[in-house]
2 protein chains.
Amino acid sequence: MKLASLKNGGKDGRLVVVSRDLQRAADARDIAPTLIAAIESWDRTAPRLQALYEQLNAGHVPSTPFDPRQAAAPLPRAPQWCDASAFLNHGELMQQAFGLPPIPEVQTVPLMYQGGSDDLLGPCDDVPLPDEAHGIDFEGEFGVIVDDVPMSCSAAQARGRILLLVQINDVSLRAMAPFEMKRGFGFFHAKPSSSFAPVAVTPDEIGDAWQDTRVSLDLAIELNGAWFGNPNGREMNFGFDQLIAHAATTRRLSAGTIIGSGTVSNAGGQKGSACIAERRAIEAIAGGAPATPFMKFGDRVRMEARSVGGPVFGAIDQRIVPARRPD
Amino acid sequence: MKLASLKNGGKDGRLVVVSRDLQRAADARDIAPTLIAAIESWDRTAPRLQALYEQLNAGHVPSTPFDPRQAAAPLPRAPQWCDASAFLNHGELMQQAFGLPPIPEVQTVPLMYQGGSDDLLGPCDDVPLPDEAHGIDFEGEFGVIVDDVPMSCSAAQARGRILLLVQINDVSLRAMAPFEMKRGFGFFHAKPSSSFAPVAVTPDEIGDAWQDTRVSLDLAIELNGAWFGNPNGREMNFGFDQLIAHAATTRRLSAGTIIGSGTVSNAGGQKGSACIAERRAIEAIAGGAPATPFMKFGDRVRMEARSVGGPVFGAIDQRIVPARRPD
């Protein structure tokens, strides 16, 4: 099934079920007022939401047109947002291009940082940022939303805790990252609010493309209307099962926690990139200086993964804008 | 005024107003069901909570005994938890003892990491952890809970956004930190759930000890009933106003965000330490090997800041226990 949160002036939005073709939405408030409420009692709500989804697809319930511009992130505030860097091809390109030191045990222990999860943006929301000089970039990713996960959960146990799949723009400020990485406390300024495609889907919605807890779909990226890349999610070096187990090593994860894959990246170069930094690395390796500039205010990025059957999560399509200075 | 969240089986607890002497509690559900709900409409709720607090102190409203063992963290799940390391004396001791490289611009740019905020523990809760070999430590800290903070807020503007003060045990796993710091993605496994003293207080409750947005109180630390330290909060090298502005550089902070000071640490050594790692550093500098072991399962830590007038936040008094392995 497919679920979205419509903006309603509140912090969590209003839960709707969305038709498979993303054309229609049915009010789900009789089942749960918000997606986080539905997730917190998933055993009870999921069968009812699934039944409503089937009726919606069959045209048997009242519905309204689904407008992604009215959508918030599926979870506008999530309990936790843990973002990995699970496509090692990306890190290898960055290291090779910029002469970075190798990261210890990168092949065997996932890289993961803790992101802010209180202010996640919708698919068509403007992204307000303070300064173009910060090196504004996007990162196209896939992610999962989990049920409660106990501490020290194994990867095998983690598989059964995956409830929903999501598509993410992990906005990144490249000029701020090296300083923060060098200080050892990790990304903070370099990782402002992330944005989400309008619809979260259960894994069955992508059929055979849900392989070994990876989203094996192309993620089509456009920068200002021009092709930028369409890398596939199958080359993830760690599955989401392993990423969840990593996240839960010394903590419980609350239902609604989002685990991200990190920027999708494929070896070989033919599939382009899901972020500007990686294209700049490829340009540098090819023997020149990085040529593609980071984003300017007014620039747009579009990201959409589609399956053979049609749309999946809907598109992220948004613009970078200057943040309003506080009075 | 003083506010607490009693455990009620829900994720956010039940809001009560607590008397100045921490002996009695008055139900606040007619004003707001939870502390996060109160904070999200503070202009409306704060005057009513303050009035109830005054009536409670005067014995003019129904009340029940306040039992800190029934208290959750004031915000058991907060929108965001941003923890600084604002007492530079602590970092200097660690560097000197263990020959660590200096951290760039540590005097001028606050150190801050993003912590998990979905599973914060109450003052008397056991702290479940998977393995004694992880180097289990406590960190005694102060913190503030803020109202909505706009992106790129100045320190002067940030002052007016501070709503409540809290006292924190930032549980830390020392054996995991160096590896995570070296990889550049920051603390993750090294920072499991933090714990909180039972009561959050408005700054006026500490009177003159609220100095330049610092909590100028001694924080008395006991490990298994023995004195461990009583460092004072006034030596913070950055005020909470500066820490809030730092946190908001490239993001908005939602009402209810918690900003931590980092482990309280005073120069000179007479005041002891608020964490084991720092005592071990002092032992190493004194010419030997670090002698004080990290915590074992069953060990207890107690932390309490008191003012001349009596108790402030109440005490954190909790035990480290082995986490139950998931089935």
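Below, chains carry the letters A, B, ... as their sequence lines are ordered, and counting in each starts from 1. Just so you know, these numbers come straight off a predicted model, no measurement behind them.
In this structure, the separation between CD on B:Glu180 and CE on A:Met112 is 11.0 Å, given to the nearest 0.5 Å. Summarising the geometry, atom OG1 belonging to B:Thr257 is positioned 9.5 Å from atom CG belonging to A:Asp119; distances are rounded to the nearest 0.5 Å. Within the model, atoms CD of B:Gln80 and OG of A:Ser117 stand 7.0 Å from one another, a figure rounded to the nearest 0.5 Å.
Looking at B:His246, both its backbone and its side chain come within 4.5 Å of chain A, counting heavy atoms on both sides. Using a 4.5 Å cut-off between heavy atoms, B:Leu173 contacts chain A through its side chain alone, with no backbone atom that close. For B:Leu111, the parts lying under 4.5 angstrom from a heavy atom of chain A are both the backbone and the side chain. Within the 4.5 angstrom heavy-atom criterion, no atom of A:Ala78 approaches chain B. Of the two parts of B:Ala177, neither the backbone nor the side chain holds a non-hydrogen atom closer than 4.5 Å to a non-hydrogen atom of chain A. With a 4.5 Å cut-off on non-hydrogen atoms, B:Glu40 touches chain A through its side chain but not through its backbone.
With respect to chain A, the highest number of heavy-atom pairs below 4.5 Å among B:Gly116, B:Ser193, B:Pro326 belongs to B:Pro326. In terms of heavy-atom pairs under 4.5 Å with chain A, the best-connected choice from B:Pro101, B:Ala190, B:Pro130 is B:Pro130. If you tally non-hydrogen atom pairs under 4.5 Å between each of B:Pro128, B:Ser254, B:Pro150 and chain A, the highest count goes to B:Ser254. Interface check for chain A: of the options B:Gly115, B:Cys82, B:Ser85, the most heavy-atom pairs under 4.5 Å are formed by B:Gly115.
With respect to the salt-bridge test (charged N to carboxylate O, under 4.0 angstrom), the residues B:Asp148 and A:Lys11 qualify.
Scanning residues 153-161 of chain B against chain A with a 4.5 Å non-hydrogen threshold yields B:Cys153, B:Gln157, sorted by number.
The two atoms that bring B:Arg183 and A:Val109 nearest to each other are NH2-O, 2.6 Å, heavy atoms only. B:Ala323 and A:Met151 make their closest contact through CB-SD, 3.7 Å (heavy atoms, listed as atom of the first residue, atom of the second, distance). Of all heavy-atom pairs between B:Arg252 and A:Asp118, the closest is O-OD2, 4.2 Å. Of all heavy-atom pairs between A:Ser152 and B:Arg325, the closest is CB-NH1, 3.6 Å.
The aromatic ring centroids of B:Phe185 and A:Phe187 lie less than 6.0 Å from each other.
No hydrogens or angles considered: nothing links the side chains of A:His189 and B:Thr250 as a donor-acceptor pair under 3.5 Å.
The side-chain tip of B:Arg251 points at the ring of A:Phe188 from less than 6.0 angstrom away and within 45° of straight on.
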